[in-house]
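Below, chains carry the letters A, B, ... as their sequence lines are ordered, and counting in each starts from 1.
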Amino acid sequence: MDLKSVEKKWQQRWEKAKLNNFDKRSNAPKLYVLEMFSYPSGAKLHVGHWYNYGPTDSYARFKRMQGFNVFQPMGFDAFGLPAENYAIKTGVHPKDSTEKNIATMEEQLRAMGAMFDWSAEIKTCDESYYKWTQWMFLQLYKKGLAYRKEAPVNWCPSCQTVLANEQVIEGKCERCSSEIVRKNLTQWFFKITEYAEELLSGLDGLDWPEKTKNMQRNWIGKSTGCEIEFACESGDKIRVYTTRCDTVFGVTYVVLAPEHPLALKLTTPDREADVKAYIDYASKANEIERLSATREKTGVFTGSYAVNPVNGRRIPIYLADYVLASYGTGAVMAVPAHDERDYAFATKYGLPVVKVIERQGGDTVLPFTEDGIVVNSLNFDGLVGEEARDAISKHISMLGKGGRKVNYRLRDWLVSRQRYWGAPIPIIHCTKCGAVPVPEKDLPVRLPYDVEFRPDGKSPLAKHEKFMHTTCPNCGGEALRDPDTLDTFVCSSWYYLRYADPENDKMPFDREAVDRMLPVDTYVGGAEHACMHLLYARFFTKALRDMGYLDFDEPFRRLVHQGVILGPDGNRMSKSHGNVVSPDDYVNEYGSDAFRLYLMFGFSYTEGGPWNDDGIKAVARFLDRVEKIVLKVNEYHTGKTEPFGSEEKALDYARNFAIARVTRDLESFSFNTAIARLMELVNVIYKYDGLETKNITLLKETVKDLLLLLAPCAPHFSEELWEKTGERGFIVEQRYPTENAAALVLDEKEYAVQVNSKIVTKAMIPSSYTGSEVETFVMGLPEVVERVAGKTVKKCVVVPGRLVNLIIG
RNA sequence: GCCGCUGUGGCGGAAUCGGCAGACGCCUCAGACUUAAAAUCUGAUACCCGGAAGGGUGUACCGGUUCAAAUCCGGUCAGCGGCACCA
């Protein structure tokens, strides 16, 4: 079959019949199958796109044939740095290159033959979309979930912009690997921390990979501990956060982060020069140095003292940059005896070490950081671990000096970017009124085209006079626009909602439309988004719910990650490795169906693996075999329903077995085994067709089921054969076969016969036999008789339909 | 350091519950067809010993539970991913 021309033909027919569009009038149950939308950075689809979209489309087609009203939209995550960086390099405007890339990718996505509902297509760089991204910002602002603050932020000197914590990997920019520096800048944040607890607890009910849920749990980083207030002799109060309040009697000093608001206030005049020098030193350290656990502890004494609330001990106050300003209270109580960092610091600066925990039933070597028996702690002595923490935290709250406290590692999401190619932040800065939100009626704040986007550390928009100058919506006076754009992850945090109502120009979406279509039933995409997109989208959903715009808590009910297809050499595909496999080459030679089929068959879907040329030839051969047998059987004269003996039973069994297993496997994204079962069925059909006398009716029915089973996996190929064999209508509109349970009941089953857990023979045993009948049966087998002779059977284990194990001795 | 995952033939990978390890496919070998090759079809194909019948070993390694372990438990090693001075 010339797949190339056949594919085009069916794509046109599907389109004409609007088969790919969600049927709004149908009352069949809806099923929202979503693949993560494409980022149009390169012009062409790469293997990763095909691997994400091809098999998932087969899943969607399968569900459609099962009777679901499937919605499978596609769009483009079109804003972002790569287009802008490309522009800086080549001078091609990001809008132009992005539009061109999108056009090419759309064409390629259509050629894939996926059942995408293009009527719902969205592009995040379109005004009609980013208008509502800006609207989202305004709603979050109104709700107090978007705020501006000056804070030390991650600055990438190469990309010339700030980054979210999530975009910093080991102190380096996730895009360009430049070392991140810390800068104090006034930026916009989303208060994702407000939802930390719900983002954590909500994970339990989700059908997501455990690994991904764990990554989010880890990222949110819930920790249950205790806040304790230490009074300073100056009258100030220092609150510290600890998870080990059972060690509070061992505190020998207190440490503040160098950025702590009290740092300078608590510094005595004689210490001022040293402290200032230290603060300066700490601020110059870059993220990598600062975060390195092996870095030598440094710090400085402030000259002031505080008092331990539980024992009245006078303890010095230090500054040290091993304490993070952004976590907990930015201050810690130091217990050198029971914390490695404090121990190292105390040893270096000659501070006392007081042991208050002992190992149960063993020697205590300091620093001892595990749970143990409390000692030297007044009436708390003898308590252990959690019970000690419980008692001591209660005591502290009784003293009015603090108490139980939960902390999260999650930080608020920094959304400002000093870049051009993004949605402008809809805020106007007025010298009189401050930051004023752009009125909703004035949206969108249009991104101007004629902008000098070469980065110089300032937002490109800041240099665009016409864009910047405006009037304050509040007082009417002269005012300036916010020159920053929104992180592209803001755009992708709500796109799955817009698909449900893509043309709405009054609202981002109609609540009813969204409640009807959402949540997404099955979401498929790469695992690299675990702590970014997937977390942000959950946050948006919850915030929008609380603002009354939707009625569900979680956007993605089921999540599947496809694996990564590596180059033939086992490395990640990249130009520098020279191992990039181009889908086009294979699609041109073998067709989209064969290419998709290989992606399904050659890998475990969630694992991925190295590309291999031979595999695609194998699936092309399989399709040839299917075509041959389908056309051959089609020529047989109909009507013969005889015979129906053991050969026919075997064929019917194989057919129904395939139906049952393929259905199960497609449901669980186990595409490779689904295809394997189809290959088995084809092998059985070939064998049966080789017989002298055959039941033509049964054979034809079996071949028809084979085509139906294959239809989601090789859609064009199956349509063509469906038509060629004289069937009417589109195969994709047929019902997926369901198995006939009766055909799967065999008269006899093959048992493995074991004696003392070793297989001695195999035997066909009637399915109707009871356990004792099976035992009697196998006792008569020569291989068993021979071994049992002169011995007694102590035990007999029968696993119905599978195995018998005789224990003799 | 912490959390998680993975480890199965020459290769990609199967094996929902603990129940015949290696489905399906690739590679390789043999046979059929062919003047020949390709394509196609049929068969073999975990490893070791053996001519065969047969026997032994085997799911990273060591041990345990069980009639029975790739699967459960304990330990070790290797690889991958995430987090990491979070008190």
Side-chain angles (χ1 to χ4, degrees), chain A residues 169-171 209-219 221-223 225-226 240-245 247 255 257 290-297 320-324 326-335 338-342 344-345 369 407-411 527-528 530-531 598 601-604 606-619 621-622 624-625 628 661 664-665 668 670 672-683 686-687 690 750-759 761-762 794-809:
Chain A
I169 314 291
E170 288 175 354
E210 270 315 306
K211 186 175 173 161
T212 306
K213 293 205 257 183
N214 265 327
M215 278 167 71
Q216 288 207 356
R217 286 188 188 111
N218 220 315
W219 187 258
K222 182 178 184 175
S223 132
C226 193
V240 303
Y241 175 74
T242 179
T243 53
R244 290 300 303 277
C245 66
T247 65
V255 197
R290 177 100 192 245
L291 289 174
S292 164
T294 52
R295 183 180 184 220
E296 199 186 345
K297 305 277 174 288
D321 70 359
Y322 76 88
V323 174
L324 303 175
S326 51
Y327 182 75
T329 59
V332 302
M333 60 180 215
V335 187
H338 306 294
D339 182 280
E340 279 170 17
R341 296 152 300 184
D342 298 343
F345 190 83
T369 59
N407 261 317
Y408 300 90
R409 214 173 294 204
L410 184 70
R411 307 290 155 78
E528 67 275 13
C531 294
Y598 169 57
F601 179 63
F603 308 87
S604 169
T606 53
E607 298 295 316
W611 175 264
N612 169 5
D613 264 12
D614 297 330
I616 191 157
K617 290 179 193 134
V619 296
R621 188 174 313 161
F622 166 66
D624 277 346
R625 272 167 72 78
K628 255 186 239 165
R661 296 296 288 267
R664 190 194 76 183
D665 289 349
S668 61
S670 183
N672 53 348
T673 52
I675 307 299
R677 298 293 88 82
L678 291 175
M679 288 174 168
E680 277 171 355
L681 180 58
V682 170
N683 292 343
Y686 263 78
K687 220 167 235 168
E750 191 187 56
Y751 278 67
V753 181
Q754 299 182 328
V755 173
N756 284 345
S757 306
K758 280 201 161 182
I759 293 173
T761 186
K762 294 182 182 183
K794 290 185 191 159
K795 192 174 175 182
C796 175
V797 181
V798 177
V799 182
R802 308 208 64 141
L803 158 153
V804 193
N805 191 3
L806 290 166
I807 309 305
I808 62 170

If we call it a pair only when both distances are under 3.5 Å in a Watson-Crick or G-U wobble match, what pairs with [N]?
| N | result |
| --- | --- |
| B/U6 | B/A78 |
| B/G25 | B/C11 |
| B/A38 | none |

Identify each atom pair where a protein N or O and an N or O of nucleotides 39-43 of chain B are less than 3.5 Å apart, giving names and distance.
from: B/U40; atom 1: OP1; to: A/Arg621; atom 2: NE; distance (Å): 3.4
from: B/C41; atom 1: OP1; to: A/Arg625; atom 2: NH1; distance (Å): 2.7

Requested in this report: Using the test side chain to side chain contact (heavy atoms under 4.5 Å, CB included), find all partners of A/Pro209 that sit at least two apart in sequence or belong to another chain.
Outcome: A/Thr212, A/Leu559, A/His561
[X] side-chain N/O to [N] phosphate OP1/OP2 under 4.0 Å:
| X | N | answer |
| --- | --- | --- |
| A/Lys758 | B/G56 | yes |
| A/Tyr751 | B/C20 | no |
| A/Thr673 | B/C24 | no |

Query raised in the report: For B/G81, is chi within 90° of 0 (syn) or not (anti)?
Result: anti
Report task. Answer syn or anti for B/C26, where the cut-off is 90° from 0 on the glycosidic torsion. Result -> anti
Query raised in the report: Salt bridge between A/Arg217 and A/Glu210, side-chain N to carboxylate O under 4.0 Å?
Result: yes
Requested in this report: For A/Asp339, answer base if it contacts any base atom (sugar-phosphate contacts may also be present), sugar-phosphate if it contacts only those atoms, and nothing otherwise; contact means non-hydrogen atoms under 4.0 Å.
Outcome: nothing
Measuring only the [atom1] atom in each nucleotide, how far is [N] from [M]? A whole number of Å is fine.
| N | M | atom1 | answer |
| --- | --- | --- | --- |
| B/G63 | B/G58 | P | 11 Å |
| B/A37 | B/G56 | C1' | 44 Å |
| B/C33 | B/A38 | P | 15 Å |
| B/A46 | B/G10 | P | 11 Å |

Under-3.5 Å N/O pairs linking protein and nucleotides 62-70 of chain B:
from: B/C67; atom 1: O2'; to: A/Ser757; atom 2: OG; distance (Å): 2.5
from: B/C67; atom 1: O2'; to: A/Asn805; atom 2: ND2; distance (Å): 3.3
from: B/C67; atom 1: O2; to: A/Asn805; atom 2: ND2; distance (Å): 2.8

Requested in this report: Taking salt bridge (charged side-chain N to carboxylate O under 4.0 Å, His left out) as the test, write out the residues that go with A/Glu680, two or more places apart.
Outcome: A/Arg677
Query - A/Arg625: partners by salt bridge (charged side-chain N to carboxylate O under 4.0 Å, His left out), with sequence neighbours left out - result: none
Contacts under 3.5 Å, N or O only, protein and nucleotides 6-13 of chain B:
from: B/G12; atom 1: O2'; to: A/Gly602; atom 2: O; distance (Å): 2.5
from: B/G13; atom 1: OP1; to: A/Gly608; atom 2: O; distance (Å): 3.2
from: B/G13; atom 1: O3'; to: A/Asn672; atom 2: ND2; distance (Å): 3.1

Requested in this report: Would you kindly compare A/Arg802 and A/Cys531 by the position of their nearest RNA chain B nucleotide and give the one closer to the 5′ end?
Outcome: A/Arg802
